[in-house]
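Here is the structure we will look at, set down as structure tokens.
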Amino acid sequence: MKRIILIFGIVLLGTFNFGLNPPQDPYKIKVVVIDAGHGGKDPGAHGKFSNEKDVALAIALKLGAYIQNNFPDVKVIYTRKTDVFIELYRRAQIANKAKADLFISIHCNSNDSPKPFGTEAWVMGLHKSKANLAVAQKENSSILLEANHQKTYDNFNPNSPESYIIFSLFQSAFRDQSIDFATKVEHQFKTRAKRYDRGVKEAGFLVLWKTAMPSVLIETGFISNPKEEKFLNSEQGQDYLASAIYRAFKSYKKEMEGDNYIPPENKDSSKKGDSVVKKEKPANKEELSKKEASKEKSDKKENKKADLAKAKKPEIIFGVQFATSKNKKPASSKSFKNLESVWSYYHNGYYKYVSGKYPNIKDAISQMKTVRAKGFSDAFVVAFKNGKRISPKEAMKLINSKKP
Ligand SMILES: [Zn+2]
């Protein structure tokens, strides 16, 4: 009987939420991971008289001290505090284990020419130029010093541009926040530290890819530029840079914890990958979820009908999402440009169109190239588990865990 009352109570609370629940904890930045790039046998880039690993560590420690002194309730975790080698995946692992709210990776840039100078803040994404790819390649090549890098990173070759296509699949759920923080960092570099701001950019950095929180990789300057190398190695220069990042942190924290901020649904992996879609109008949540449930049902029926059911239905499927619309379009719609096996699902008030159903991600990637070539340049790979959207990352994890 007690159990029945309890269940009834839970159902009641869930269904008729009249605001009886105490107000929820506001979103808080509680844990920050500061990652000094390189270390130990990996010196990173070098200038005339210094190594990136030492500059990065000095700035990282100064940044941590600023945060700690001003926000004693924020936990600061360093991936390294001394000159030691730490694998890239482990840096991310440290942040994930600590359930960090923000990951800040500190580096210096370099170039064959001594001319380039200035700062950059990078977020995880697909590079838009060869120059951007080159920065990620340089930073990722640290893994070549790791003993088991082929196995650890699934044969990822930091020097091969083809390896980077994988990053187009993983639309980070934290992209907006990462860009937000990165923008603040660059703004502070410019105004506070009087650096030349080269902007916020995106590319496939392994260290960011593996983190499950907003994360930014900061190039604090070009160690290959004699003037900048001097600045990067000076006490004052490091102070300026660290305090600029600290100010960006402070402003980011304030914004995230503000009354008007709605925390992202980070914990819900089914939402991952949706960041490509423009922000949708907030609607009545309950109404929406009911609608969604019924639509999902009918969509599932259609999906079953779809032609790809040759093999036994795999529990996990991949497809290429390429369009969304408010009103449902038939699969034969001209706007789909004769794409193969188009089907749709309904989510958050929108119909989302997917081409293909594949049991493995490789086929989906190759289909993505086709779809993009047909003009849907923003197409990306999506994954479903029993009809429910999950992140491709999670799908791959599930598939891999099934293997003996
Ligand atoms: Zn670096």
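One is the number of the first residue; the rest follow in order along the sequence. Numbering of ligands and ligand atoms starts at 1, following listing order.
Counting only protein atoms, the N, O or S atoms lying less than 2.8 Å from the Zn ion (ligand 1) are H38 NE2, E52 OE2, H107 ND1, E139 OE1, E139 OE2, ordered by chain and residue number.
The ring pair (Phe, Tyr, Trp, His ring centres under 6.0 Å) analysis of residues 69-94, with sequence neighbours excluded, yields the pairs F71-F249. The stretch residues 38-65 participates, sequence neighbours left out, in these salt bridge (Lys or Arg N to Asp or Glu O under 4.0 Å) pairs: K53-D83, K62-E235, K62-D239.
Listed for the T191 side chain is a donor-acceptor partner under 3.5 Å among the backbone atoms of H187.
Two rings, from W209 and F174, have their centers 6.0 Å or more apart.
Heavy atoms from other residues, nucleotides or ligands lying under 6.0 Å from NZ of K337 number more than 12.
The ring-ring contact (aromatic ring centres under 6.0 Å, His included) search around Y252 returns F181, not counting sequence neighbours.
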